[in-house]
Amino acid sequence: MFMENNTGSRPVSASQSGTAVSCPDSNGTLPSCAGLAVPYVPFQQNNPQKYAQTEALSNGTLFPGLNLPFHLAVDGSTLPATPLAELQALEFVVLELGIYLDTHKDDAEAFNLFKQFSAMEKAAKAAYESKFGPITKEAAAGDSYQWLCDPWPWNFAQNEVK
């Protein structure tokens, strides 16, 4: 373990200094005492703040306390307001809540949100597939194999609603 010395210029190991430095993470954010070359993942407390689904997708996390923006981050307002983008945002929120619940099984509010967003994602996926066709191979069901039928969902010009 390395700690920064008083000058901030040369790392000093904890065993060399003889003292341990406390670096609290109670806010769920990267503390100023965390070294830049040391990987750090804050432990989330129960009932953390949450982004709206489109903000979560653009930030790469549902939880503002875990958001360490990158240089080339996409602004949430620049995401297209399309049925596919909305479905992706819902799927992302369900995935994030599931990962959170892996370590916070007793957070009843998060579990209720998980159930609510799972239902919304299921309905949005069904609505999208009924209009544009299957988006996963598992959804390709019916009298014949439909997966390779044109147009593909990302062919926006061919899928425009008239």
Side-chain angles (χ1 to χ4, degrees), residues 1-4 8 11 13-14 20-140 147 151-157 159-161:
M1 175 176 141
F2 284 95
M3 298 181 302
E4 192 171 294
S13 74
V21 174
S22 174
C23 194
D25 66 348
S26 60
N27 294 333
T29 59
L30 183 67
S32 61
C33 56
L36 291 179
V38 177
Y40 176 81
V41 177
F43 185 79
Q44 292 175 276
Q45 305 303 318
N46 281 346
N47 301 315
Q49 293 180 337
K50 297 166 192 69
Y51 285 125
Q53 59 213 38
T54 54
E55 287 180 283
L57 181 62
S58 67
N59 285 307
T61 181
L62 178 61
F63 306 101
L66 298 181
N67 188 6
L68 300 173
F70 294 100
H71 173 66
L72 299 174
V74 176
D75 180 22
S77 62
T78 62
L79 291 173
T82 63
L84 185 57
E86 291 172 17
L87 177 59
Q88 288 172 325
L90 286 168
E91 289 175 337
F92 183 77
V93 168
V94 169
L95 178 66
E96 282 280 282
L97 284 168
I99 292 169
Y100 172 79
L101 286 167
D102 286 343
T103 57
H104 297 80
K105 293 179 185 349
D106 297 329
D107 190 336
E109 179 186 353
F111 183 60
N112 287 333
L113 283 173
F114 178 80
K115 292 189 294 186
Q116 176 187 351
F117 277 98
S118 293
M120 291 168 57
E121 182 267 337
K122 185 177 180 179
K125 185 175 181 181
Y128 184 89
E129 288 181 339
S130 71
K131 187 172 189 175
F132 299 109
I135 56 175
T136 61
K137 289 183 180 183
E138 291 82 28
W147 180 245
W152 287 81
W154 48 84
N155 293 340
F156 295 112
N159 286 325
E160 288 181 357
V161 178

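Everything numeric here is computed off the predicted structure, so don't read it as measured data. Because only heavy atoms are used, hydrogens play no part in the values below, and waters and symmetry mates are left out as well, while side chains stay in.
Remark: Tyr51 pairs with no residue by the ring pair (Phe, Tyr, Trp, His ring centres under 6.0 Å) rule, at least two apart or across chains.
Closest of all the heavy-atom pairs between Ala85 and Pro80 is CB-O, 3.1 Å. Nearest approach of Gln53 to Ala89, heavy atoms of both residues: O-CB, 3.6 Å.
A donor-acceptor pair is defined here as one N or O able to donate and one able to accept, closer than 3.5 Å; no such pair exists between the side chain of Gln49 and the backbone of Gly65.
In this structure, the separation between CG on Leu84 and CD1 on Ile135 is 7.0 Å, given to the nearest 0.5 Å. Atom-to-atom distance recorded for Glu86:CD and Leu57:CG is 11.5 Å, nearest 0.5 angstrom. Distance CG/Leu87 to NZ/Lys125: 7.5 Å, rounded to 0.5 Å.
The list of side chain to side chain donor-acceptor pair (under 3.5 Å) pairs with a residue in residues 99-109, not counting sequence neighbours, reads Tyr100-Asp107.
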Contacts under 3.5 angstrom, residues 110-124 side chains, donor-acceptor by atom type, not counting sequence neighbours:
| unit_1 | atom_1 | unit_2 | atom_2 | d |
| --- | --- | --- | --- | --- |
| Asn112 | ND2 | Ala108 | O | 3.3 |
| Ser118 | OG | Phe114 | O | 2.7 |

Residue pair Phe63, Lys50: steps toward the side chain to side chain contact (heavy atoms under 4.5 Å, CB included) verdict:
CA-CA 5 Å; Phe63 306 101; Lys50 297 166 192 69; 4.0 Å; yes

